[in-house]
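Contents: one structure, followed by commentary.
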Amino acid sequence: MLKDLDKLMRLNRLPHIWCPGCGNGIIMKAIMEAINECGLDQNKTVVVSGIGCSSRASGYLNFDTLHTAHGRAITFATGVKLARPELNVFVVTGDGDGSAIGGNHLIHAARRNIDLNVIMFNNNIYGMTGGQYSPMTPQGKLATTSPYGNLERSFDICKLAEAAGATYVGRSTVYHVKLLESLIKNAIKNKGFSFVEAISLCPISYGRRNKLGDAPKMMAWLKEHAVNIKAAEKMEPEKLEGRFLIGEMQHKQAPEYTQLYDELIAKLQKGAGENGR
Ligand SMILES: Cc1ncc(C[n+]2csc(CCOP(=O)(O)OP(=O)(O)O)c2C)c(N)n1
Ligand code: SF4
Ligand SMILES: [Mg+2]
């Protein structure tokens, strides 16, 4: 299977920088599978990332790619999409990159319903810089910046994206790979702002400090604690305590921003022509 995907990777960039057991490669492969299965034109697909271990994925993917500044991937992607609306534009971002420094951009891109596919690699930590807590780090967990346990509450980034206006929202994990691929495929097909949270593993900067065991043990935790959103509807609330939902959280239609923008330009140009200007 990998053979088909070889062309979507810059093999000359290998070996990659990711630690053994890191979840980033699994998410990157799911993105490649989804792009392949949706038959996107490689020359019309752009991948934009910020800064972080996860954001290094843009360097390994064989498309036109932009490795931008920390927290600014969505702003660069917005510029690309506005200038060239016919392109398929992906954003690969981390939980720090996309929910902390870049959180505001996430809100407003979702609100505009601009046709971007944002894939957030959520490993619950700032992995690249050695393990500072992020807005996705659960309360009580240890980080270099919370050596006595994180005092802050984390929040549900999918609910934020949904409330801000994203027309497609889903969550999966690096254990539930087939679901992850299908969510990314649906995100690609959605004409509007799509957000997919991929719960990942950072055994080094997060797992080790919190004594969560090695990567297989962290995977097993994901398997045991994720509940499909459809199954959850039939479950007693007590059974859901301490667990999290995966699946499709939002799938709706709304006018897409670049289309509205182009229509406005056409209308103004027509008006100017009629007025002889
Ligand atoms: C403006 C700016 N602030 C801070 C940094 C340092 N920095 C680089 S990556 C990073 C956090 C990355 O965390 P996340 O986005 O979750 O990615 P991960 O490494 O966990 O995949 C930080 C704070 C930076 N490069 N630029
Ligand atoms: S520090 Fe964590 S997120 Fe970064 S490459 Fe290593 S395991 Fe992956
Ligand atoms: Mg992170």
Side-chain angles (χ1 to χ4, degrees), residues 13-31 47-61 65-77 90-107 109 116 118-139 141-146 150 152 154-158 160-161 171-175 177 180 195-222 244:
R13 291 290 180 95
L14 297 178
H16 58 73
I17 63 152
W18 295 324
C19 311
C22 178
N24 289 345
I26 298 174
I27 305 170
M28 193 176 85
K29 179 159 182 280
I31 296 171
V47 180
V48 186
S49 70
I51 300 291
C53 297
S54 41
S55 288
R56 290 293 286 255
S58 62
Y60 305 130
L61 290 165
T65 58
L66 284 165
H67 192 198
T68 69
H70 188 43
R72 303 293 177 255
I74 289 179
T75 55
F76 279 80
F90 289 79
V91 171
V92 291
T93 182
D95 49 311
D97 196 69
S99 77
I101 190 169
N104 202 27
H105 302 306
L106 173 66
I107 292 170
L116 302 178
V118 177
I119 319 297
M120 180 178 283
F121 294 44
N122 181 6
N123 58 6
N124 308 107
I125 203 80
Y126 286 6
M128 177 166 263
T129 42
Q132 295 78 16
Y133 67 80
S134 88
M136 300 290 106
T137 307
Q139 202 171 31
K141 291 290 183 207
L142 301 175
T144 56
T145 42
S146 59
N150 181 19
E152 298 180 16
S154 59
F155 70 102
D156 186 330
I157 192 75
C158 286
L160 178 110
R171 177 191 294 125
S172 188
T173 81
V174 292
Y175 177 82
V177 180
L180 181 59
F195 180 80
V196 176
E197 179 187 2
I199 311 253
S200 189
L201 304 179
C202 173
I204 304 304
S205 296
Y206 182 65
R208 201 154 55 181
R209 184 168 286 111
N210 284 288
K211 300 192 173 30
L212 302 177
D214 56 10
K217 213 163 168 204
M218 289 178 79
M219 274 277 190
W221 188 93
L222 292 177
F244 63 93

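For ligands, and for the atoms within them, numbers begin at 1 and follow the listed sequence. Just so you know, residue 1 is the first one in the sequence shown, and it goes up from there.
Close contacts of ligand 2 with Pro203, meaning ligand atoms under 4.0 Å from a residue heavy atom, involve 7 (S). Atoms of ligand 1 found under 4.0 Å from any heavy atom of Met128, numbered from 1 in the order shown, are 19 (O). Less than 4.0 angstrom separates some heavy atom of Gly127 from each of these atoms of ligand 1: 18 (P), 19 (O), 20 (O). Interface of Asp95 with ligand 1, defined as ligand atoms under 4.0 Å from a residue heavy atom, comprises 16 (O). Near Gly127, the atoms of ligand 2 lying under 4.0 angstrom from a non-hydrogen atom of the residue are 1 (S). The contact set between ligand 1 and Gly96, taken as ligand atoms under 4.0 Å from a residue heavy atom, comprises 14 (P), 15 (O), 16 (O). Under a 4.0 Å criterion applied to the non-hydrogen atoms of Asp97, ligand 1 contributes the atoms 14 (P), 15 (O).
With a heavy-atom cut-off of 4.0 Å, Ile125 does not touch ligand 2 at all.
Among the atoms of Ile125, an N, O or S atom falls under 2.8 Å from the Mg ion (ligand 3). Contact annotation: Cys53 places no N, O or S atom under 2.8 Å from atom 6 (Fe) of ligand 2. At a threshold of 2.8 Å, the Mg ion (ligand 3) has a backbone or side-chain N, O or S atom of Asn123 nearer than that distance.
The N, O or S atom of Asp95 lying closest to the Mg ion (ligand 3) is OD1.
The protein heavy atom nearest to atom 2 (Fe) of ligand 2 is Cys202 SG, 2.3 Å. With hydrogens left out, the protein atom closest to atom 3 (S) of ligand 2 is Asn123 ND2, 3.4 Å, a heavy atom. Residue, atom and distance of the protein heavy atom nearest to atom 13 (O) of ligand 1 are Tyr126 CA, 3.4 Å. Atom 1 (S) of ligand 2 has its closest protein heavy atom at Ser205 OG, 3.6 Å. Counting only heavy atoms of the protein, atom 1 (C) of ligand 1 lies nearest to Ile101 CD1, 3.8 Å. Of the protein's non-hydrogen atoms, the one nearest atom 21 (O) of ligand 1 is Ser54 OG, 2.7 Å. Here the heavy atom of the protein found nearest to atom 3 (N) of ligand 1 is His70 CD2, 3.7 Å. Counting protein heavy atoms only, atom 5 (S) of ligand 2 is closest to Cys19 N, 3.4 Å.
Within a 6.0 Å radius of OH in Tyr60, other residues, nucleotides and ligands contribute more than 12 heavy atoms.
For ligand 1, the polar-atom distance check against Ser55 finds no nitrogen or oxygen pair separated by under 3.5 Å. The N/O atoms of Thr129, backbone and side chain alike, include none that comes under 3.5 Å of an N/O atom in ligand 1.
Comparing heavy-atom distances from atom 18 (P) of ligand 1 across Cys202, Cys53, Gly23 singles out Cys53 as nearest.
Distance SG/Cys19 to CG/Leu201: 11.5 Å, rounded to 0.5 Å.
Under the 3.5 Å distance criterion, with hydrogens and angles disregarded, a donor-acceptor pair is assigned to the side chains of Thr93 and Asp97.
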